[in-house]
Amino acid sequence: MVYRYSHIKLIRLAGLIIWLSLSILLFIEFTDFTPNFNAYLISHILFGLVFWFVTNNIGQMSFKLKAWLSVVILTMLVLVINHITDSAAGIFYALIISVLLAWLFPVKQSLLLLFVCNLLIGLQFSYIGSDLDNRAQYFVLFFIYLGVSVFSYIISLVAFKQQNAKEELRMLNTELKATQVLLADSSRINERLRISRELHDLIGHHLTALTLNLEAATHMTEGKPQSYVKKAHSIARLLLSDVREVVGSFRQSGTLDLGLAIRELLSGLPRLKVTQEIPDEFLVEDPKLAQTILRCAQELITNTMKHAQATHLLVKLERTDEFMVLMVQDNGVGLGNSKMGNGMTGMAERVKLLNGECDYVSQNGLKCTLTFPIG
């Protein structure tokens, strides 16, 4: 399965390489386990742990609270490292923050955080290296860092936008495949109905006329010719019976494989671990019902991908003597206090048109059960 945040894996790897490289500064600064060195060592280790935590939880952070706390902690650690070392060592750590912002927050929020972070570092540079005669070099270094941090953020933002575009394209592709399954079944059904009508209207009518004429001929002939006429009459009646049986089987085979369509919809979903409880062959005779269930499943899966911040998705499709049931459950944030959007409202309207029912349970995620009456 394609992993949604493959870019984050690379960012995590690059960040860890930078973090390990910065560990060299610890060996350079080390003379003894002084209070300053211990504080530097603890800040360095904490930065690495928080960085690993935040990159491991991107996409699953409820209401972004963990992301905000992580960025605040990382920024404070950068300021602490600058203060302890009385140098610009922290700006190399801050570059990692610049790359992360595009993946954690919307553009406006990330730009605001980038501005605040750089502003705090810039203010701190007024006090760094105060014992040096030429402190201008620190301000030159700061503006170089400022340019590099903005450049890093832009590159990261471009990667984030490209990743989102790929995800949307992948979702559209799976939806297209699912629709193609129903379309292929619909085309097959229409062709079978056309053939059955042709058999009934042309061959059936002609065979009926032939049997009637042969029935009349049996009363108008005698002797040996009559036996041949009766035999032809019985063959014609048998052939008419076979044609009716074929026409009946063609009409009864007009079913759509809804299970296959939903499995296509679930194939290759990024980030989510999907559990399917769908029969191998789930046939539906009503095209409108099949299309409605497919569209509802598509809406629920899309909402899970965009809003639920979930890692697991369960899709169950079952049928009883009276009802057909679709159940979609995730382990995300649930509905909370949010209202249903246009997509969910439209889905409820689709279900109501078929006299169905929608049931939502928002606890440890969202569980949506759609029930449709049969017949």
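For the numbers below, each heavy atom of this structure counts, side chains included, while hydrogens, waters and symmetry mates do not.
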Atom CZ of F92: over 12 foreign heavy atoms under 6.0 Å:
no
Closest heavy-atom pair, E357 versus V351, reported as atoms and distance to 0.1 Å, is N-CG1, 3.4 Å
Step through the shown structure and confirm whether more than 12 heavy atoms of other residues, nucleotides or ligands are within 6.0 Å of CD on Q276.
yes
Looking at H312, is its backbone amide N or carbonyl O close enough to the side chain of N331 to form a donor-acceptor pair, meaning the two atoms are under 3.5 Å apart?
yes
Same hydrophobic cluster for F151 and I121, using side-chain heavy-atom links shorter than 4.5 Å among ILVMFWY?
no
If you group Ile, Leu, Val, Met, Phe, Trp and Tyr by side-chain heavy-atom gaps below 4.5 Å, do I42 and I45 land in one group?
yes
Indicate yes or no: at least one non-hydrogen side-chain atom of L146 is less than 4.5 angstrom from one of S149.
yes
Distance from Q298 atom CD to N303 atom CG, nearest 0.5 Å?
10.5 Å
How many angstroms lie between CD1 in I96 and OG in S152, if you round to the nearest 0.5 Å?
10.5 Å
Taking C-beta and beyond as the side chain, do V315 and L326 meet within less than 4.5 Å on heavy atoms?
yes
Nearest 0.5 angstrom please: L370 CG to M327 CE, how far?
11.0 Å
Is there a side-chain contact between L114 and S98, using heavy atoms and a 4.5 Å cut-off?
yes
Given the rule that I, L, V, M, F, W and Y join up when any side-chain heavy atoms are under 4.5 Å apart, are I155 and F160 in one cluster?
no
Does the gap between the ring centers of W19 and Y93 come in under 6.0 Å?
no
Once you round to the nearest 0.5 Å, how far does CG of N118 lie from CD1 of I91?
10.5 Å
Full working for side-chain hydrogen bond (donor to acceptor under 3.5 Å, both in side chains) between Y40 and T85:
CA-CA 8 Å; Y40 183 16; T85 60; 5.9 Å; no
State the CG-NE2 distance between N36 and H83, to the nearest 0.5 angstrom.
7.5 Å
Do L289 and M324 touch side chain to side chain, with heavy atoms closer than 4.5 Å?
yes
Residues Y360 and C368: closest non-hydrogen pair is CE2-SG, 3.4 Å
Determine whether V71 and L104 make a side-chain contact, defined as any pair of heavy atoms from C-beta on separated by less than 4.5 Å.
yes
Can you confirm whether K273 sits close enough to L313 that some side-chain heavy atom of one is under 4.5 Å from a side-chain heavy atom of the other?
no
Looking only at heavy atoms, which two atoms of A102 and S156 are closest? And how far apart?
CB-OG, 3.7 Å
Check whether any side-chain heavy atom of L100 lies under 4.5 Å from a side-chain heavy atom of T55, and answer yes or no.
yes
Any link between F115 and L113 through a network of hydrophobic side chains (Ile, Leu, Val, Met, Phe, Trp, Tyr) touching at under 4.5 Å?
yes
Do side-chain atoms of R295 reach the backbone of A290 as a donor and acceptor pair under 3.5 angstrom?
no
When you measure from the side chain of D330 to the backbone of L366, do you find a donor-acceptor pair of N or O atoms at a distance under 3.5 Å?
yes
Grab the two heavy atoms, one from S110 and one from Y153, that are nearest each other, plus how far apart they are.
OG-OH, 2.5 Å
Can you confirm whether N355 sits close enough to F372 that some side-chain heavy atom of one is under 4.5 Å from a side-chain heavy atom of the other?
no
From E318 atom CD to E277 atom CD, the distance as rounded to the nearest 0.5 Å:
8.5 Å
Of all the heavy-atom pairs spanning G15 and F51, show the shortest one and how long it is.
CA-CZ, 3.6 Å
Would you say L46 and W52 are hydrophobically clustered, going by side-chain heavy atoms of ILVMFWY under 4.5 Å?
yes
